[in-house]
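What follows is a single structure, written as structure tokens, with notes after it.
What you are looking at is a predicted structure, and each value in this text was computed from that prediction instead of being measured. In this chain, residues are counted from 1 in sequence order.
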Amino acid sequence: MVTDSVTRLLSARNHAKLSRTRSSVIRRVAVAVASGQASKMPTPLLSVLVWCVLALAAGNTAMAAQRGFSRSAVYRQVSVLAELGRKLFFDPRLSSSGQLSCASCHDPAHAYGPPTARSVEAGGKDMGRVGLRAVPSLRYSQVTPHFTEHFFDSDDEPNAGVDNGPTGGLTWDGRADRGRDQARLPLLSSSEMANDSPAVIVAHVKKSSYASLLRDAFGTAIFDNTENAFSGVLQALEAFEQQHTEFYPYSSRYDAYLAGKAALTAQEARGLAAFNDPAKGNCAHCHPSALGADGTPPQFTDYGFAALGVPRNMDIPANADPAFYDLGLCGPLRTDLRGHPEYCGMFKTPTLRNVALRRSFFHNGVFHTLKEVLAFYAERDANAGKWYRRNVDGTVRKFDDLPARYHANVNIEPPFDRHAGDEPVLSAQEIDDIISFLQTLNDGYVKRQPKVSPSGRWPARREASGRF
């Protein structure tokens, strides 16, 4: 039976409180998963997790608030939504071309990130349209805070009073706060799945083999109202993306290392040291690598925004127009912050989990190897001519993907505190060391310890879902 306290959490006026509860619960689940103790989690915690997922992923608060709704019914609702979401996620017929599914760009084999080295993936009605931005991974976004211009991290007590500035949101410019809001964007984008309207999507789902799952989740009359049916589709995709074994398994070797169940090589340890060192990579400043105060595994992002001054990518068709600029927080895809010039050029800091699986980096996919990325960090200001185009008079057009009036927004904290002619902040060896460390962040590490059943008659299988 649902308790009064959970019912109160599900009310609209307590949505912010519910969001904080979700983050706290998922962080605790992360600890359990990373340490192989998920099966030993107390039943109340599992129950709250399910209610949080149901309320936030399914959004069916009226149903959840009904007295007498059993725990098994809640679990079943989550299961139905997640299964429906899975089918939707892998269905290319949800696109106008019939060739592009969510999984086409968010490939499970690549940590739900892009499977190719293309800067920006192609889509549209004829699969010939190219958008503006690189495809991000969908993993480890479950505890991303909602976007706010002024973020105070209450979980980091020493800095609880520090305004961290713009933080949160699920896209490069933070314009979508929830999984369902994010899912809506590619479905209707002219350069992605390119559906003309929600009605087109609903019509396909109604004819699909999994239409019964939508009816099962939301009632037999769900298709009578297109808006409600489309909302159900988005909620199902959100529910699927809350599955911890798929989207936040915490199964990397670094997680095992933090749990005391694996070791780093000498090179990986050197890389971690350079990664953390404020005078070297200073990577942990924006990509925290240490366990939280409560033992939660690091997310390798602070969810903040920064203008890094990455070079203009001329492989993006829109950039052929010299008057066009992708300014991140202040446009063109996000429109509500256009009156904030201090945000122009800022993009969200991505997690570095599974970063070694990627072949396109930064918001515009301008680099294609980690070595390029780290060399840019080390030499952006010391050797600008290596990274930026030149003017007709031969001078370097530094920060060439940002109008000059916004150059003051570009980050100058270490390692971006060098001057022309300085030695790179990272040596070639240190770059190799950091890359070696970053490879330990790939999910899928399993320390195999073959066992047999108590009877000794067959091998006991271990799950490859983050249990070490």
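Using bins of under 30°, 30° to 60° and over 60° for the plane-to-plane angle, the ring pair Tyr248/Tyr250 lands in the perpendicular bin. The aromatic rings of His204 and Tyr210 stand perpendicular to each other, their planes meeting at an angle above 60°, with 30° marking the opposite boundary. In this structure, Tyr112 and Phe247 have tilted ring planes: the angle between them lies in the 30° to 60° band. Below 30°, between 30° and 60°, or above 60°: for Trp387 and Phe367 the angle between ring planes is above 60°, a perpendicular geometry.
Looking at residues two or more places apart in sequence or on another chain, you find no side-chain hydrogen bond (donor to acceptor under 3.5 Å, both in side chains) involving Ser137. Under the side-chain hydrogen bond (donor to acceptor under 3.5 Å, both in side chains) criterion, Arg389 pairs with Asp400, not counting sequence neighbours. With sequence neighbours left out, Cys286 forms a disulfide bond (SG atoms under 2.5 Å apart) with no residue at all.
Donor-acceptor pairing under 3.5 Å is lacking for the side chains of Ser96 and Asp196. For the residue pair Asp255/Ser252, the side-chain donor-acceptor check at 3.5 Å is satisfied.
For residues 302-333, the pairs satisfying ring pair (Phe, Tyr, Trp, His ring centres under 6.0 Å) are Phe147-Phe305, with sequence neighbours left out. For residues 401-424, the pairs satisfying salt bridge (Lys or Arg N to Asp or Glu O under 4.0 Å) are Arg312-Asp401, with sequence neighbours left out. Residue pairs meeting the salt bridge (Lys or Arg N to Asp or Glu O under 4.0 Å) criterion with at least one member in residues 367-382, sequence neighbours excluded, are Lys371-Asp432, Glu379-Lys386, Asp381-Lys398.
Ionic pairing of Arg334 and Asp173 is not present here: no N-O contact between side-chain nitrogen and carboxylate oxygen is shorter than 4.0 angstrom.
The main-chain N or O of Ala428 is never found under 3.5 Å from a side-chain atom of Glu430 such that the two would form a donor-acceptor pair.
Two rings, from Phe361 and Phe376, have their centers 6.0 Å or more apart. Proximity of the aromatic rings of Phe437 and Tyr254 is defined here by a centroid distance below 6.0 angstrom, and this criterion is met.
Surrounding OH of Tyr257 are at most 12 heavy atoms belonging to other residues, nucleotides or ligands under 6.0 Å away.
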